[in-house]
There are 2 protein chains.
Amino acid sequence: MGATKAEHFTAKQNKIAAMIKALGHPARIAIIEYLMKVNVCICGDIVNELPLSQATVSQHLKELKSAGLIKGNIEGNAICYCIDEKAINTLSEYLQAISQRITTTKNCC
Amino acid sequence: MGATKAEHFTAKQNKIAAMIKALGHPARIAIIEYLMKVNVCICGDIVNELPLSQATVSQHLKELKSAGLIKGNIEGNAICYCIDEKAINTLSEYLQAISQRITTTKNCC
DNA sequence: AATCTTTATCGTAATATTGCAATATACCGA
DNA sequence: TCGGTATATTGCAATATTACGATAAAGATT
């Protein structure tokens with residue numbers, strides 16, 4: 001035991017959970033917020049922005065990328081990262097749907 | 001090593017990351033979706049809805065609760081769970097803010 | 001009181017994540 | 001070509017998560 005029993009859930013549930021999980025770490029939140037703040041694709045200086053080693057940052061970027069939350073374009077020597085608009089929209093809409101549904105018909109608690 | 005270096009990030013980043021992390025598991029997504037679907041506070045049958053043992057479900061509920069995503073009221077013998085509207089709204093608004101910001105001024109990629 | 005039902009907790013095994021130093025890879029400019 | 005810069009990968013230790021059986025706790029029912 002110990003591994004998540006993904007086979008018991010729907011593909012959509014697993015997909016959404018994977019995207020959300022990728023966001024669920026302060027370092028990765030900080031990366032996303034930085035990319036949002038600078039508002040352009042950023043080549044290079046993400047490592048300098050974070051209080052973590054280069055290896056660790058690289059790993060976090062890899063996770064964000066494999067979850068589809070960011071994109072990385074090779075730009076000569078450096079790599080240019082930016083937020084994947086579509087992915088963030090998917091998450092945003094998912095949460096909005098829940099939010100709206102519970103707001104319109106709350107019953108107790 | 002191994003533990004998240006929470007002290008290097010802002011309180012807000014840690015808080016948001018914790019809430020998002022709590023959602024980042026298919027079982028917990030399934031719990032939230034079920035609570036949303038039935039649209040009322042549910043006493044009792046969450047365990048029967050999930051393909052996991054009672055102990056495991058109880059643990060997932062505990063995590064959702066300690067992250068503030070759900071509320072649980074003791075109702076005699078059983079416990080009545082429902083989604084915490086405020087928490088979901090917080091997450092929803094957080095993602096919407098990112099979404100809007102990157103949509104209005106995308107530059108490359 | 002004895003038992004049933006519902007939920008929580010403990011203990012434990014399996015697995016995953018986090019973080020970093022060291023190293024590798026790959027493009028760049030001199 | 002050689003060194004410099006940027007990023008990725010590997011290997012490892014520390015820690016966290018996931019899952020479940022067993023058991024506990026507490027109200028409900030008989």
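Lettering follows sequence order; numbering is per chain, from 1. This structure is a prediction, so every number in the text was calculated from the model and none was measured.
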Atom pair distance, as rounded to whole Å: [atom1] in [X] and [atom2] in [N]:
X: B/N73; N: C/dT7; atom1: CG; atom2: P; value: 13 Å
X: B/E75; N: C/dA8; atom1: CD; atom2: P; value: 14 Å
X: A/L61; N: C/dT17; atom1: CG; atom2: P; value: 17 Å
X: A/E7; N: D/dT18; atom1: CD; atom2: P; value: 15 Å
X: A/I74; N: C/dC28; atom1: CD1; atom2: P; value: 11 Å
X: A/L50; N: C/dC20; atom1: CG; atom2: P; value: 11 Å
X: A/K5; N: C/dA16; atom1: NZ; atom2: C1'; value: 17 Å
X: A/N77; N: C/dA30; atom1: CG; atom2: P; value: 13 Å

Nucleotide nearest B/I79 when distance is taken to its side chain, options C/dT6, D/dA22, C/dA8: C/dA8

Check whether any side-chain N or O of [X] sits under 4.0 Å from OP1 or OP2 of [N], and answer yes or no.
X: A/T56; N: C/dG19; answer: no
X: B/H60; N: D/dA19; answer: yes
X: A/K62; N: D/dT7; answer: no

With a 4.5 Å limit on heavy-atom distance, are the side chains of B/I70 and B/D84 in contact?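 In short, these two side chains do not touch, never coming nearer than 4.5 Å.
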
What is the distance from atom CG of A/L69 to atom CD1 of A/I32, rounded to the nearest 0.5 Å? 5.5 Å

For the CG atom of B/N89 and the OG atom of A/S99, what is their distance to the nearest 0.5 Å? 3.5 Å

Under the 3.5 angstrom rule, does the side chain of [X] hit a backbone N or O of [Y] as a donor-acceptor pair?
X: B/T90; Y: B/K86; value: yes
X: B/R28; Y: B/A22; value: yes
X: A/Q13; Y: A/T10; value: yes

Most 5' of A/V47 and A/T4 on DNA chain D, judged by nearest nucleotide: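 Between the two, 5'-proximity favours A/V47.
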
Across the strands shown, which category fits A/S58 at heavy-atom distances under 4.0 angstrom: base, sugar-phosphate, nothing? base

Describe the nucleic acid contact of A/L52 in one word from base, sugar-phosphate, nothing, applying a heavy-atom distance below 4.0 Å.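 Sugar-phosphate, no base atom in range.
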
Can you confirm whether the side chains of A/E75 and A/Y81 place a donor and an acceptor under 3.5 Å from each other? no

Looking only at N and O atoms, is any donor in the side chain of A/Q54 or the base of D/dA6 less than 3.5 Å from an acceptor on the other one?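 Per atom types, no contact qualifies.
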
Has the side chain of B/Q59 got a donor or acceptor that lies under 3.5 Å from a partner of the other kind on the base of C/dA8? no

Can you sort out which residues in residues 16-29 of chain B have a heavy atom within less than 4.0 Å of DNA chain C? Ascending by number, please. none

